[in-house]
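Per chain, numbering begins at 1; letters A, B, ... match sequence-line order. Excluded from the calculations below are hydrogen atoms, water molecules and symmetry mates; all remaining heavy atoms, backbone and side chain alike, are included.
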Amino acid sequence: MSDFSEELKGPVTDDEQVETSVLSGAGMHFPWLQTYIETVAIGGKRKKDFAQTTSACLSFIQEALLKHQWQQAAEYMHSYFQTLEDSDSYKRQAAPEIIWKLGSEILFYHPKSNVETFNTFADRMKNIGIMNYLKISLQHALYLLHHGMLEDAKRKLSEAETWRHGEKTSSREILINLIQAYKGLLQYYTWSKKKRELSKLDKDDYAYSAVAQDVFNHSWKTSVNISALIKIPGVWDPFVKSYVEMLEFYGDRDGAQEVLTNYAYDEKFPSNPNAHIYLYNFLKRQKAPRSKLISVLKILYQIVPSHKLMLEFHTLLRKSEKEEHHKLGLEVLFGVLDFAGCTKNITAWKYLAKYVKKTLMGNHLVWVQEEWKSRKNWWPSFHFSYFWAKSDWKEDTALACEKAFVAGLLLGKESSWRSKNRPQTIMADSFFLAWMAICMYSLGTGDRLEIPLACLEMLRTSKLDGGWAPVPLE
Amino acid sequence: MDFPSSLRPTLFMTGPLGLNDVSDLSMCSWQNVLTQPEAQPQNLKNGALHVTKDLLWEPATPGPLPMLPPLVDSWEPGLTAQDLLFRGGYRYRRRPRVVLDVTEQISRFLWDHGDIAFAPIGKLMLENFKLEGAGRCTKKTTVVSVKKLLQDLGGHQPWGCPWASLSNRQRRFSILGGPILGTSVASHLAELLHEELVLRWEQLLLDEACTGGALAWVPGRTPQIGQLVYPAGGALDRLHFQEVVLAPGDNPQFLGKPGHIQLQGPVRQVVTGTVQGETLLAVRSDYHCAVWKFGKQWQPALLQAIQVDKGATGISLSPHLPGELAICSRSGAVCLWSPENGLQQVYKDPETLVFRDSSSWRWADFTAHPRVLTLGDRTGVKMIDTQGPPGCGLLLFRVGAEASCQKGERVLLTQYLRHSSPECLPPTLHLVCTQFSLYLVDERLPLVPMLKWNHGLPSPILLAQLLPPPRPGCVQPLLLGGQAGHLQLLHLAGEGVSAPRLAGPPQSLPSRTDSLPAFPLLEPKIQWRLQERLKAPTIGLAAVVPPLPSASTPGLVVFQLSVAGDVFYQQLRPQADSSPRRDAQPPGDTRPDCRAPTASWTPQDTAGCSQWLKALLKVPLAPPVWTAPTFNHHHLLGSMELQREEGVVQQPGVLREAMAQGRLLLQRDLGSLPLADPPPAPESGPADELSERLREAWAGRGAAWWERRRQARTSGPRRQPRRPKRRTQLSSTFSFSGHVDPSDGTSPPHSPEGPPAGALPRSPITSPSQELTPDAWSQGIPSERRQTLHDYMAKLPLQRDTPGHAGTPPSSQASSTRATHSRQHTPILSGSQHPRKKPRMGF
């Protein structure tokens with residue numbers, strides 16, 4: 001900036017200050033900024049031919065990849081290798097990673113490449129980008145795993161595991177843990193194969209003991225490999241799952257439970273619903289007491305109220321003796337039906353219809369009122385609209401009936417809940433009317449005469465005390 | 001709902017962004033394609049390998065085609081980086097940097113609107129100016145003669161002219177007026193200007209106004225018919241409703257002229273949605289939001305419009321409840337809005353979510369729970385329960401180590417992926433786009449992205465649309481649009497209990513500039529205009545999967561809207577060759593890998609393009625905003641203007657007029673031709689002694705030449721032919737200044753022998769080639785001395801045209817005539833003064 005405008009901004013001496021003031025200190029990075037600057041020939045350092053050609057080549061490769069022109073991308077890649085000789089040390093260091101990224105992608109999709117080519121490339125790249133040795137090894141192993149080459153993948157992981165270079169950093173340690181865990185996972189695959197063989201064999205078979213021995217050896221190795229990683233905060237579902245299965249197989253139930261409890265309840269871990277699901281499933285397998293199961297699902301309910309286990313949770317709560325559990329059971333059902341993905345879950349509606357009725361009859365009107373209070377301004381248009389009445393009726397009559405019943409219970413005048421003697425007033429409501437309108441419509445067209453009759457039958461048989469006055473259909 | 005039974009292993013780290021390089025293992029996009037290793041190894045061998053390797057949508061044409069019949073409005077490509085950034089200077093810096101060019105902008109302002117900039121100060125400083133040319137007895141140094149100043153400025157050069165020079169008077173004036181002009185005008189103006197420039201520059205870097213897109217598709221009565229809703233008109237303030245018929249396997253047909261609604265402001269975002277059979281249209285302008293409902297006849301009927309004082313930044317329609325919307329404003333407020341119940345403020349916090357960021361951009365969207373909204377800003381995305389206590393919520397996405405974000409990464413777009421049918425992706429996914437990456441976040445597992453992919457788009461992603469699977473059982477395409485027209489198509493899989501993943505490599509779609517070859521060959525100016533038009537930023541994106549007649553080949557039509565109001569469309573077909581896995585191929589198979597680009601322009605396409613181009617060329621160009629500066633000081637100094645000759649003044653006027661009209665300046669505009677100047681003859685240099693001597697020496701007369709030369713030197717002791725001008729000046733200054741009465745400086749006494757003083761003002765007509773006329777050279781001399789000089793010149797005996805009377809030796813006379821002779825080759829327009837030059841040579 002010229003002196004003139006520099007004066008205007010006050011004493012600005014440092015270049016960095018100029019820059020940040022222009023970008024208003026946002027700290028946001030704009031990847032397209034460079035091209036803007038290049039359009040204005042600011043007298044900065046001109047790019048050298050070498051840098052120009054490599055960056056052009058890079059953009060050609062990226063373009064070809066996005067157009068799925070693998071052959072062309074591979075040809076450009078040949079030329080791009082020159083970037084490894086860049087005089088700019090920063091670029092030279094970043095180059096191997098970029099080459100690996102693009103090259104592995106080309107080889108993954110190229111119709112003429114095969115596992116051998118990929119292996120060669122990966123082995124070369126590991127040693128060029130010495131800093132990326134572990135990452136590339138891991139990805140290489142995943143590639144082999146993807147192609148079903150378990151043994152090769154295991155070998156690659158073992159190689160990486162023993163690799164030492166420079167000083168140990170925490171990030172490298174985590175990577176080594178991850179590599180070991182993957183190795184453990186592969187061992188688990190072999191183990192579970194052997195286990196299946198074992199289950200097929202007769203106990204008196206001469207091979208039995210040898211296989212059993214094998215199975216035991218594997219277990220020990222795997223536990224060492226996986227246990228280190230799953231202590232680090234993260235999402236380690238496949239590892240935890242296989243580890244627990246092995247521990248369970250050898251009867252180390254406490255160990256398995258500890259692993260799962262840690263995985264689910266450690267504060268440092270993200271609130272992974274799977275952690276709670278695994279723990280619940282484990283406890284269920286172990287035939288844990290109901291209260292324990294409820295306490296696990298209670299937390300899952302707080303994280304994912306829409307999970308399909310919630311219906312199981314509801315049954316558990318319903319069976320419980322405690323009153324507060326009964327109340328929670330109602331809450332859980334309402335909670336499930338709040339979600340867009342669960343609106344057509346007929347089991348949930350069935351449960352709700354039954355349970356609301358039961359609650360009302362059990363003189364717990366307040367519970368229903370409490371739940372209904374926060375929903376009364378949106379459930380009618382969300383669940384009980386004319387549109388849904390019509391479409392549910394067409395697609396799933398049973399669902400429509402359940403919904404109609406719940407709607408009748410919920411949308412009826414609140415006072416009617418108290419007067420147990422006049423349940424028919426419960427039905428006097430918009431949804432019910434809408435639903436009746438459909439019935440009338442189908443009556444008018446005369447194609448499905450049995451529908452209203454079936455509904456009436458359902459309503460009549462519902463065990464509401466008091467009389468039922470049939471709605472005039474004419 | 002099912003939750004993925006096993007998630008991809010991810011390291012979880014908390015902290016600021018730019019920390020985490022370990023967990024960013026997803027270096028390659030192919031990794032995202034890999035399915036999770038299942039617990040059952042046999043699955044791995046059979047199921048997991050079903051990766052759709054070549055999931056490619058083939059464009060039917062090499063580039064998108066314009067909508068026909070053409071409806072083209074005038075449009076100007078606003079500011080560019082070139083207009084704002086400082087050019088030049090800063091050489092030898094290690095890296096180029098962003099420097100806003102306040103200097104040029106302010107200098108342009110001072111030139112263009114000098115009256116605004118300086119008039120008030122001029123009035124304040126009036127006592128320091130002397131407006132009349134011949135001021136009377138003011139000797140104060142603080143008074144400046146405007147006449148002289150304007151004379152100096154008469155030949156002003158534009159800013160940046162390397163030949164610009166300052167006269168003493170100008171310099172003195174600037175010293176005098178500097179403190180006042182510099183502090184008040186420049187500092188105030190520059191402050192405001194700088195602020196404005198920063199704003200413009202930020203807008204150029206990231207124009208967030210059209211986030212979400214201003215193009216939407218409204219399905220019609222039948223699946224084949226629908227409407228495109230988009231803003232058009234130069235200011236984007238006319239909402240168009242264009243009916244479109246989608247014929248399977250054919251280009252979409254645009255039916256008739258679009259209906260339109262005129263609005264009061266530019267439309268920034270258009271959202272449509274069908275909930276429970278009710279189709280709504282929501283429109284966001286800068287300070288207004290409105291919602292329409294489509295009736296039975298597919299005619300929009302306005303439901304409600306509201307004003308947002310602080311400026312609305314986002315609007316979204318609820319996918320659950322008909323007639324419910326979420327809007328957010330720059331003040332940090334999020335409101336739930338329904339035409340029946342009005343506005344309900346759900347959240348308000350002017351601060352950003354995760355860390356402090358200056359951007360006031362906010363975004364609100366819905367989630368799988370109808371009462372839970374998401375609020376996004378540049379630093380993260382939060383879920384807010386509208387029924388819970390105000391202010392509380394759960395962070396869904398954090399720009400930080402959790403998602404292993406890079407330094408400087410910010411959220412550009414967040415969207416609830418709503419078009420989910422149960423057999424496809426779960427309805428709990430949210431898309432978060434930054435400058436670098438794309439994240440898929442499940443609201444059931446906040447903070448940990450289910451999928452991260454480095455999109456590498458060179459322009460900000462502000463548009464995204466998740467499409468329904470074109471065929472049952474297919475993966476879902478996700479369309480991404482960058483502001484500069486880049487389009488990418490991703491394929492998302494992840495139904496049921498499997499975690500969401502990319503199903504195949506991402507793909508880029510042609511942008512509007514790729515259709516340039518479809519247009520006829522044009523002359524450069526029009527070609528450039530067309531190119532500019534095609535390069536206009538994309539502000540809207542809509543994709544439609546046309547209905548399948550026989551479930552044979554599903555298609556995809558992508559519509560895009562540019563900021564110029566042009567709608568282009570592109571047809572896509574999935575590639576028929578779902579190639580068998582290459583492992584299964586024989587090793588020697590030489591199947592050509594590089595598919596020849598099958599798409600090409602049909603004559604119909606090019607005809608359409610020419611038709612569109614014709615409409616574009618019919619649109620008149622907007623008149624230039626910038627006009628040439630005018631300096632109106634005639635009312636101050638009428639006398640000066642009068643002295644100008646008609647013909648001389650007229651020519652620049654004619655030229656300016658011709659430039660404004662953009663035509664050539666013809667000879668007939670200028671009137672009669674001036675007399676042709678004689679071609680300049682090669683001047684003989686000032687006594688080229690060396691060549692003369694060499695020539696003589698070559699001829700063997702070197703000694704004679706030297707002798708001649710020596711004699712000549714000794715004979716004329718006062719002979720100094722070089723630089724006569726300076727000598728004259730010096731002599732006049734030094735010899736006579738003492739003799740003159742100081743009062744004479746302003747009122748010259750008439751000398752009987754000299755020319756009349758009235759002849760002096762005629763000097764401006766003289767040709768610049770006559771640099772030695774007293775009037776011309778006297779301009780650099782202070783006025784009080786100049787008069788002295790004139791008087792002196794008038795008294796000189798050599799003034800008369802009688803060389804014989806001069807008391808100068810003949811040798812000197814000879815050299816002086818030679819000098820004058822050489823000068824006479826140059827054109828002389830007013831011959832009355834050239835005899836005066838002779839005597840000066842004799843000094």
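- For chain A, the nearby part of B/Q387 is the side chain; its heavy atoms alone come within less than 4.5 Å.
- Of the possible polar contacts, one joining the A/N114 side chain to the A/T117 backbone as a donor-acceptor pair under 3.5 Å is found.
- In this structure, A/W32 contributes its side chain and B/L205 its backbone to a donor-acceptor pair below 3.5 Å.
- Comparing B/L197, B/L193, B/L204 by heavy-atom pairs within less than 4.5 Å of chain A, the highest count is held by B/L204.
- A distance-only check finds a donor-acceptor pair linking the side chain of A/S242 to the backbone of A/P238 [under 3.5 Å].
- Only the side chain of B/L412 comes within contact range of chain A, judged by heavy atoms closer than 4.5 Å.
- For B/Q344, the CD atom is densely surrounded, since the number of other residues' heavy atoms within 6.0 Å is greater than 12.
- Judged by distance alone, the side chain of B/R410 and the main-chain N or O of B/R378 form no donor-acceptor pair under 3.5 Å.
- Of the two parts of B/P460, the backbone and the side chain both hold a non-hydrogen atom closer than 4.5 Å to a non-hydrogen atom of chain A.
- For a residue to count as touching a neighbouring chain, one of its non-hydrogen atoms must lie under 4.5 Å from one of that chain's; by this rule A/N345 does not touch chain B.
- Aromatic pair A/Y182/A/F239: ring centres closer than 6.0 Å.
- Of the listed residues (A/S381, A/P270, A/G341), the one with the most heavy-atom contacts under 4.5 Å to chain B is A/P270.
- Proximity of the aromatic rings of A/H276 and B/F3 is defined here by a centroid distance below 6.0 angstrom, and this criterion is not met.
- By number of non-hydrogen pairs under 4.5 angstrom with chain A, the leading residue of B/L447, B/N341, B/V448, B/D2 is B/D2.
- Ranked by non-hydrogen atom pairs under 4.5 Å with chain B, the options A/I303, A/V336, A/N272 are led by A/N272.
- Under the 3.5 Å distance criterion, the side-chain polar atoms of A/H140 are left unmatched by any main-chain donor or acceptor of A/A153.
- Looking at B/L509, neither its backbone nor its side chain comes within 4.5 Å of chain A, counting heavy atoms on both sides.
- If you measure heavy-atom distances from A/L65 to chain B, the contacts under 4.5 Å come from the backbone alone.
- In this structure, chain A has heavy atoms under 4.5 Å from both the backbone and the side chain of B/P370.
- Put simply, of A/F382, A/W378, A/F269, the one with the most heavy-atom pairs under 4.5 Å next to chain B is A/W378.
- Most heavy-atom pairs under 4.5 Å with chain A: of the set B/E324, B/H320, B/E409, B/R371, this distinction falls to B/R371.
- Ring geometry for A/H147 versus A/Y143: interplanar angle of 30 to 60°, hence tilted.
- Proximity to chain B is limited to the backbone of A/K268, based on heavy atoms less than 4.5 angstrom apart.
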